[in-house]
Every structure is written in structure tokens, then in C-alpha cells.
Amino acid sequence: MNRICLLPLAAMAVILLSSWGFHAHKLINRMAVFTLPADIAGFYKDRVDYMTEHAIDADKRCYVDTNESFRHFIDADEYGEQPFDTIPIHWTAAVDKFSERRLLASGILPWQINRSYRNLVDALSKHDIRRVLRHSSDIGHYLADAHVPLHTTSNYNGQKTNQVGIHAFWESRLPELFADQYDFMVGRARYVESPVEEAWRIVRESHALVDSVLGIEARLSAAFPADRKYGYIERNRILIRTYSDAYSAAYHETMKGMVEQRMRGAIRSIGNFWYSAWVDAGQPDLRQLTELPAAVDSVPAPAEGQKILGREEWH
């Protein structure tokens with residue numbers, strides 16, 4: 001007899017694996033390619049499938065690299081009520097003030113964006129296609145994470161407010177249901193004067209939405225019929241208990257386009273950073289980077305049951 005297994009809501013995140021969800025991360029990186037000006041558009045369009053598929057490499061590394069997990073978030077609220085008046089935006093100054101151990105414990109997402117940017121500039125200036133592709137896909141991932149409000153708070157899964165499961169709900173379930181209705185034409189990429197300041201601007205913008213993400217769901221949950229809140233979806237012949245289509249639609253509508261706006265912002269920012277890195281590298285002729293190596297830093301998918309090394313950000 002063919003059987004379909006049943007999994008509870010808490011297991012949904014294990015199936016989704018990724019912060020924005022594999023589908024959303026791939027879509028964001030893919031659409032960012034089409035923001036680029038002609039001088040570099042050809043290089044990325046020729047490799048759009050690579051940029052799409054490798055958008056999730058940074059999440060895969062969480063299973064094999066103990067240094068990866070904390071690159072995906074920053075718990076800004078751990079630094080007080082006005083964290084952005086407290087945290088130095090430059091890494092060395094922040095280490096001097098708080099210690100590297102403290103910073104790592106609370107996440108280093110904006111600094112990682114800047115670090116990946118510098119790595120991309122260096123790779124472009126050296127015409128190192130292997131590193132160009134890796135750092136392009138990685139910075140796309142980290143910038144997308146920075147646009148997620150729940151990546152900027154220690155209450156990242158609603159565990160402090162009796163809303164466990166909201167992380168995968170907001171950034172995976174909703175895009176999967178509604179992304180085909182979104183407008184991802186965000187205009188042409190522009191030059192970013194200060195990547196580190198821009199990374200912090202994005203994080204501040206996301207953090208300002210945390211109360212709305214949590215508050216709207218809490219009010220909806222209190223008013224929504226309990227017997228209609230959850231449903232089941234099938235993935236790989238596994239039935240997973242998750243938020244129902246009706247509840248998801250109600251939450252999505254009440255947020256008035258927030259998820260779409262954050263995805264659009266991520267697409268725009270990724271294009272901006274790719275373009276700016278090329279400019280800062282001296283505008284190299286990317287037509288010289290014509291050969292794609294046979295194996296470009298391929299990251300294997302996690303094995304069944306394999307655990308994340310570090311905080312399971314989306315649980």
C-alpha cells in the first residue's frame with residue numbers, strides 16, 4: 001500500500017530547509033539578474049541558471065560549516081531599545097565595543113554582507129570566475145535574508161510570544177502561495193556609495209517591521225476560527241500540517257503587500273550590489289570570463305535527518 005506520512009507544523013521548516021524558502025531565494029536571485037545594465041547583464045544572464053540554483057548554497061553550508069549559521073541574522077533587540085544607536089556599523093569598532101564572541105552570538109548579517117561584497121570586488125578585479133560566481137550568489141542570499149524582519153530579532157520564530165512557526169510561515173509559505181501575483185520588475189540597478197551603510201539601512205528597515213509581522217498575526221489568530229487555522233500540504237508524498245490557505249490569505253492581505261515589498265527590495269538590492277562591485281573592481285570586461293569551470297564550489301544538499309550546525313534560524 002502506498003502511504004503518505006503526516007508531519008506536524010513544527011516539521012514544516014525542516015522540509016522547507018531555507019530561510020526565504022528554496023523557491024523564494026532562487027526567484028529573488030534570478031530576478032536580480034534582470035536589473036543589471038548592459039555592461040554586465042550578459043555575463044549574469046548567461047549564468048542565470050547558476051545564480052538561481054546556487055542562491056541556496058549559503059543555507060546548505062549551515063549543515064557542514066560551524067561558522068555559517070550566524071551570518072544569516074542579527075538579533076538587533078539584544079543591543080537594547082535603540083540598537084542602531086548602539087551598534088557600530090564597522091566590524092573592528094563593533095568588536096572593540098562588544099567583543100567578537102558577543103557579536104557572533106547575536107548574528108553578524110550586515111557585516112557579512114559587506115564582507116561578501118569585498119570578496120566579490122576582489123574576485124571581479126582578478127577575473128576569478130569561480131569566486132565571482134560564488135560570492136555573487138552568496139551576497140544575493142545574505143541580502144535577501146536581510147530583507148526578512150524575523151532575521152533581525154531574537155524572537156525570530158515567535159518563540160517568546162506563543163507564535164512558534166511564524167518564521168517559515170512568513171518567509172516560505174506566503175511566497176509560495178502568492179509570489180506568482182507579485183510584480184518583480186523593480187527597475188535598473190544603481191551604484192551603492194557605501195555597501196556597509198546600505199546593509200545596515202536594510203536591516204534597520206526590516207527591524208522596524210518586526211512588531212507588525214508579529215502583532216498582525218497575533219490579532220488574526222485571536223479572531224480567526226481555530227478549526228480553520230491549519231490545513232495540510234503534500235511534499236514528496238509527505239503530508240505536512242501547516243497554516244491553511246484561508247488563514248494564509250487573511251494574514252497576507254492584512255499585511256498589505258509587505259512580503260511582496262520585501263522581496264522587491266531584495267531583488268533591487270542584489271542588482272545594486274552586483275553592479276557596484278563591478279564598478280568598484282574597475283569595470284573589468286566580463287567577456288573575458290567565458291569558461292565556466294566544471295565544478296564551481298558545489299555544496300551538497302543536507303542528508304535526511306542531518307542537523308544544522310548552529311541556530312536553526314527558521315525553526
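None of these values were measured; they are calculated from a predicted model.
- Within the structure, the side-chain hydrogen bond (donor to acceptor under 3.5 Å, both in side chains) test picks out the following pairs touching residues 32-46 (sequence neighbours left out): Tyr44-Ser136.
- The two atoms that bring Ile166 and Val213 nearest to each other are CD1-O, 3.7 Å, heavy atoms only.
- Under the 4.0 Å criterion applied to side-chain N and carboxylate O atoms, Glu260 and Arg264 are not assigned as salt-bridge partners.
- Donor-acceptor pairing under 3.5 Å is lacking for the side chains of Glu198 and Ser194.
- In terms of modelled atom types and a separation under 3.5 Å, the side chain of Arg262 and the main chain of His147 share a donor-acceptor contact.
- Judged by the 6.0 Å distance and 45° axis criteria, Arg241 is positioned over the aromatic ring of Tyr230.
- Looking only at atom types and distance, the side chain of His23 has no donor-acceptor partner in the side chain of Glu176 under 3.5 Å away.
- A 4.5 Å side-chain heavy-atom check between Phe43 and Leu133 finds at least one atom pair inside the cut-off.
- Taking every heavy atom of both residues into account, Ala105 and Phe73 meet most closely at O-CE1, 4.2 Å.
- Looking only at distances, a side-chain donor or acceptor of Tyr117 sits under 3.5 Å from a matching main-chain atom of Ala277.
- Looking at heavy atoms from C-beta onward, Phe84 lies in side-chain contact with Val203 at the 4.5 angstrom threshold.
- The two atoms that bring Ala32 and Gly271 nearest to each other are CB-N, 4.1 Å, heavy atoms only.
- No side-chain heavy atom of Val259 sits under 4.5 Å from any side-chain heavy atom of Glu171.
- Between the side chains of His207 and Asp77, no donor-acceptor pair is found at a separation under 3.5 Å.
- A salt bridge does not link Arg134 with Asp128: none of the charged nitrogens is closer than 4.0 Å to a carboxylate oxygen.
- At least one side-chain heavy atom of Lys26 sits less than 4.5 Å from a side-chain heavy atom of Glu53.
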Check the pair His72, Tyr142 against ring pair (Phe, Tyr, Trp, His ring centres under 6.0 Å), reporting the backbone distance first and the verdict last. CA-CA 6 Å; His72 296 247; Tyr142 297 131; 5.4 Å; yes
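- Ring geometry, Phe169 versus Tyr247: the interplanar angle falls under 30°, so the pair is classed parallel (tilted spans 30 to 60°).
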Given Arg173 and Asp245, is the salt bridge (charged side-chain N to carboxylate O under 4.0 Å, His left out) satisfied, shown in steps?
CA-CA 9 Å; Arg173 177 81 168 130; Asp245 288 359; 2.8 Å; yes
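- Each salt bridge (charged side-chain N to carboxylate O under 4.0 Å, His left out) pair with one or both residues in residues 274-286, not counting sequence neighbours, appears once here: Asp285-Arg287.
- A side-chain donor-acceptor contact under 3.5 Å links Gln159 to the backbone of Asn157.
- Minimum interatomic distance between Ser269 and Leu143 (heavy atoms only, all atoms of both residues): O-CD1, 3.9 Å.
- Considering only residues two or more places apart in sequence or on other chains, Arg268 meets the side-chain hydrogen bond (donor to acceptor under 3.5 Å, both in side chains) condition with none of them.
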Fill in: Tyr251 vs Tyr243, ring pair (Phe, Tyr, Trp, His ring centres under 6.0 Å): CA-CA, chis, key distance, verdict
CA-CA 10 Å; Tyr251 184 40; Tyr243 298 95; 8.1 Å; no
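- Residue pairs that meet the salt bridge (charged side-chain N to carboxylate O under 4.0 Å, His left out) test with at least one member in residues 95-109, sequence neighbours left out, do not exist here.
- With Asp138 as the partner, the side chain to side chain donor-acceptor pair (under 3.5 Å) test is satisfied by one option alone out of His54, Arg71, Arg61: Arg61.
- With a 4.5 Å cut-off on side-chain heavy atoms, Tyr275 and Arg188 do not count as touching.
- With Ser206 contributing its side chain and Ile202 its backbone, the two residues share a donor-acceptor pair below 3.5 Å.
- Inter-residue side-chain proximity for Pro88 and Phe98 is flagged as met; some heavy-atom pair is nearer than 4.5 Å.
- Here Asp122 pairs with Arg131 in a salt bridge; the nearest charged N to carboxylate O distance falls below 4.0 Å.
- Salt-bridge check for Lys60 with Glu68: failed, with every basic side-chain N at 4.0 Å or more from each acidic carboxylate O.
- Trp111 and Trp200 have perpendicular rings, their planes meeting at more than 60° on a 0 to 90° scale where under 30° would count as parallel.
- Ile28 is listed as a side-chain neighbour of Met263, based on a closest heavy-atom distance under 4.5 Å.
- Defined by atom type and a distance below 3.5 Å, a donor-acceptor pair is missing between the side-chain atoms of Ser137 and Asn29.
- Of the possible donor and acceptor atoms, none in the side chain of Trp278 sits under 3.5 Å from a partner among the backbone N and O of Ile40.
- Residues Pro195 and Asn114 come closest through the heavy atom pair CB-OD1, 3.9 Å.
- Contact record, Ser276 with Arg190: OG-O, 3.7 Å, taken as the closest heavy-atom pair.
- Pairs of residues two or more places apart, or lying in two chains, that qualify as salt bridge (charged side-chain N to carboxylate O under 4.0 Å, His left out) and include a residue from residues 210-224 are Glu217-Lys229.
- When the ring-ring contact (aromatic ring centres under 6.0 Å, His included) test is applied to His252, the partners found at least two apart in sequence or on another chain are Phe178, Tyr182.
- You'll find the side chain of Ile74 stays beyond 4.5 Å of the side chain of His151, heavy atoms only.
- In this structure a side-chain-to-backbone donor-acceptor pair under 3.5 Å is missing from His25 to Ile56.
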Which is it for Phe273 and Val121 under the side-chain contact (heavy atoms from CB on, under 4.5 Å) test, yes or no, and what are the steps along the way?
CA-CA 10 Å; Phe273 273 66; Val121 171; over 6 Å; no
